[in-house]
Protein chains: 2
Amino acid sequence: MAIALPKTRRGETSRAAILSAALDLFQERGYEATTMRAIAGRAGVSLGSSYHYFPSKEHLVLEFYRHTHELHAAAIAPLLAREQDLAVRLRGTIRAVVVTCEPFHAVAGSIFSTVANPSSPLNPFGGAAKPLREEVVALYAEVVHGSDARIPPDVAALLPLTLWLYQMAILYFWIFDRSPGRLRTLEVIDETTELIVRLLGLANLPVLRGSRKRILTLIKSVTEQA
Amino acid sequence: MAIALPKTRRGETSRAAILSAALDLFQERGYEATTMRAIAGRAGVSLGSSYHYFPSKEHLVLEFYRHTHELHAAAIAPLLAREQDLAVRLRGTIRAVVVTCEPFHAVAGSIFSTVANPSSPLNPFGGAAKPLREEVVALYAEVVHGSDARIPPDVAALLPLTLWLYQMAILYFWIFDRSPGRLRTLEVIDETTELIVRLLGLANLPVLRGSRKRILTLIKSVTEQA
DNA sequence: GCTGTAACTTGAACATGTTCAAATTGATTC
DNA sequence: GAATCAATTTGAACATGTTCAAGTTACAGC
């Protein structure tokens, strides 16, 4: 069960070959159609060896997820370095998510459901995915704090986590999107990012103060469970 | 693949026995721990017979879902007949969802993930689950329209579908809730239902008009995909 | 060079969802 | 009552994720 980190060069080679074969095959055939035997076969190792480095097929998905996160982070680095406007930063970041994931669109459905399973070790609220989740949340913290938007501290504290949830919602929509060029998802992104930024601007209105407090308490309560 | 509806009394008996055995076992052992062989065994039929009436194990989950929906609808009927206040109706309805589902809490995780899988025939946005989804949406339409709340028509038109989404979100939270008596979920329900009703009251404020239109367009766009 | 040990590798074995061709049943028709 | 035929039932066979005990490798210490 425990993940065995390779301790020799030979082990590193094997682990890397298995991971690389898995990523390729997931992309080529999808998650379910990729068998552990096929992964082992392409990696040039035996079936049992795969289980030495990855406790289950699901754990290979986690690596897949990490892979796309790294692509995404690299893709938006220039934007985050250059741009100050929050709406532009947010829109660019979320657009980049779906652009980065586009090659995996056909695969994404089964992967998402694997990850959404609360009893899976991989579910984003749970233990195994925690390091990766924190990386993504940190990325959204940079999106927010690197902007020139003036956001009340109580809102700013919870915004990155909320944006991470928002990203997951967009991805779920994207999975169902069959429109050419995934245009509908891009439209929804443009709409929602603008809406979010606008609502952030309204958060200081007296009439919304009460609701804002409620919402913040709620988000804190919901997320601290994870 | 096609679902075979029983055409003889004998077939009806078999189908009913399989379904009943499945519901019992899902509750006793959970979804994954229940094997098709165990279902067939308890139902007193052979393994192959189960597949004559239910194309897959997942399809048995759909029946499970339908079962809880019927329990839920029955549970809230008195409330809906008596009460006029929207906040009370909504809170009672959502509370009843988690109360009804409580016996299945341990099982709910894997069931939810099965259902959330976009490539599953069962996913709530897709085809096979459509009739049931429409029943649930209709139930929320009754919650809204049977109240004395005065809601703008454009909002009222989309509210039931939105509340259905809201119910799914609450259920997802509930699945993770390990607090005694599921108190945290009940708290979140109280908070969110009050928030929803309050925001509905604010929807007519001029400053929110623009956002309201945006939000409605968005919800329509998101849901018509299904 | 030898030995011991930890790391690594292997593939057979197992459990379980699913398929399918063949067997059985039971009602309808003559 | 015999023939027919669709509905139903059966269980063996298959694919695949996972486990595990046994085998192999390679390096550290002598």
Side-chain angles (χ1 to χ4, degrees), chain A residues 1-19 21-22 25-26 29-64 110-111 113-115 117 119-122 128, chain B residues 1-19 21-22 25-26 29-64 110-111 113-115 117 119-122 128:
Chain A
M1 263 300 167
I3 305 174
L5 282 182
K7 312 218 169 166
T8 68
R9 200 163 308 155
R10 191 182 172 208
E12 274 166 38
T13 308
S14 290
R15 199 195 118 101
I18 293 163
L19 183 51
L25 285 169
F26 285 162
R29 309 183 188 174
Y31 176 70
E32 268 125 18
T34 298
T35 69
M36 291 299 285
R37 284 163 181 81
I39 292 172
R42 180 170 299 197
V45 302
S46 76
L47 178 60
S49 256
S50 307
Y51 284 92
H52 188 69
Y53 297 105
F54 302 95
S56 76
K57 192 180 174 186
E58 288 187 344
H59 281 76
L60 283 163
V61 171
L62 184 58
E63 298 300 319
F64 187 83
S110 43
I111 287 182
S113 101
T114 303
V115 162
N117 189 339
S119 50
S120 156
L122 298 191
Chain B
M1 263 299 167
I3 305 172
L5 282 181
K7 312 219 169 167
T8 69
R9 200 164 307 156
R10 192 181 170 210
E12 274 165 38
T13 308
S14 291
R15 199 195 117 100
I18 293 163
L19 183 52
L25 285 169
F26 285 161
R29 309 184 188 172
Y31 176 71
E32 268 126 17
T34 299
T35 69
M36 291 299 285
R37 284 164 181 80
I39 293 172
R42 181 170 299 198
V45 302
S46 75
L47 178 60
S49 255
S50 306
Y51 284 92
H52 187 70
Y53 297 105
F54 302 94
S56 75
K57 192 180 175 186
E58 288 188 344
H59 280 77
L60 282 164
V61 171
L62 184 57
E63 297 300 319
F64 187 83
S110 44
I111 288 184
S113 102
T114 303
V115 162
N117 188 338
S119 51
S120 157
L122 299 191

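Naming convention: chains lettered A, B, ... in sequence-line order (proteins, then strands); numbering from 1 in each chain.
Rounded to an integer number of Å, the gap from B:Tyr53 OH to D:dT10 P is 10 Å. Distance, B:Leu25 CG to C:dG17 P: 12 Å, rounded to whole Å. Rounded to whole Å, atom C1' of C:dT9 lies 16 Å from atom CZ of A:Phe54. Atom pair B:Met36:CE and D:dC14:C1' shows a separation of 16 Å (rounding to whole Å applied). One atom, CZ of B:Arg15, and another, P of D:dA7, lie 16 Å apart when rounded to the nearest Å. If you take NZ of B:Lys57 and C1' of D:dA15, they are 16 Å apart, rounded to a whole angstrom. In this entry the distance linking OH of A:Tyr51 with P of C:dC14 reads 17 Å, nearest Å. Between B:His52 atom NE2 and C:dG17 atom C1' the separation is 19 Å, expressed in whole Å.
For B:Ser14, the side chain to side chain donor-acceptor pair (under 3.5 Å) criterion is met by no residue, not counting sequence neighbours. For A:Ser49, the side chain to side chain donor-acceptor pair (under 3.5 Å) test picks out no residue, with sequence neighbours left out. Every residue two or more places apart in sequence or in another chain that forms a side-chain contact (heavy atoms from CB on, under 4.5 Å) with A:Ala40 is listed here: A:Val45, A:Ser50.
Residues of residues 37-50 of chain A that place a heavy atom closer than 4.0 Å to DNA chain C, in numerical order, are A:Arg37, A:Val45, A:Ser46, A:Gly48, A:Ser49.
The stretch residues 35-53 of chain A participates, sequence neighbours left out, in these salt bridge (Lys or Arg N to Asp or Glu O under 4.0 Å) pairs: A:Glu28-A:Arg42.
Side-chain contact between A:His52 and A:Ile18: absent, with no pair of heavy atoms (C-beta onward) separated by less than 4.5 Å.
Residue A:Leu62 holds its CG atom at 15.5 Å from NZ of A:Lys57, rounded to the nearest 0.5 Å.
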Pair A:Tyr31, A:Glu58 - check side chain to side chain contact (heavy atoms under 4.5 Å, CB included), show working.
CA-CA 9 Å; A:Tyr31 176 70; A:Glu58 288 187 344; 3.7 Å; yes

Hey, mind stepping through A:Val61 and A:Phe26 against side chain to side chain contact (heavy atoms under 4.5 Å, CB included) and telling me if it holds?
CA-CA 9 Å; A:Val61 171; A:Phe26 285 162; 4.3 Å; yes

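A:Leu19 approaches A:Glu63 most closely through the heavy-atom pair CD1-CB, 3.4 Å.
Taking for each of B:Glu32 and A:Gly11 the nucleotide of DNA chain C with the nearest heavy atom, the 5'-most of the two is the partner of A:Gly11.
Within 4.0 Å of A:Thr34, counting heavy atoms only, lie sugar-phosphate atoms of the nucleic acid but no base atom.
When distances are taken from the side chain of B:Lys7 to each of D:dT8, D:dT18, C:dT18, the shortest belongs to D:dT8.
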Base-contact (B) and sugar-phosphate-only (S) positions in nucleotides 21-30 of chain D, heavy-atom cut-off under 4.0 Å, - elsewhere:
----S-----

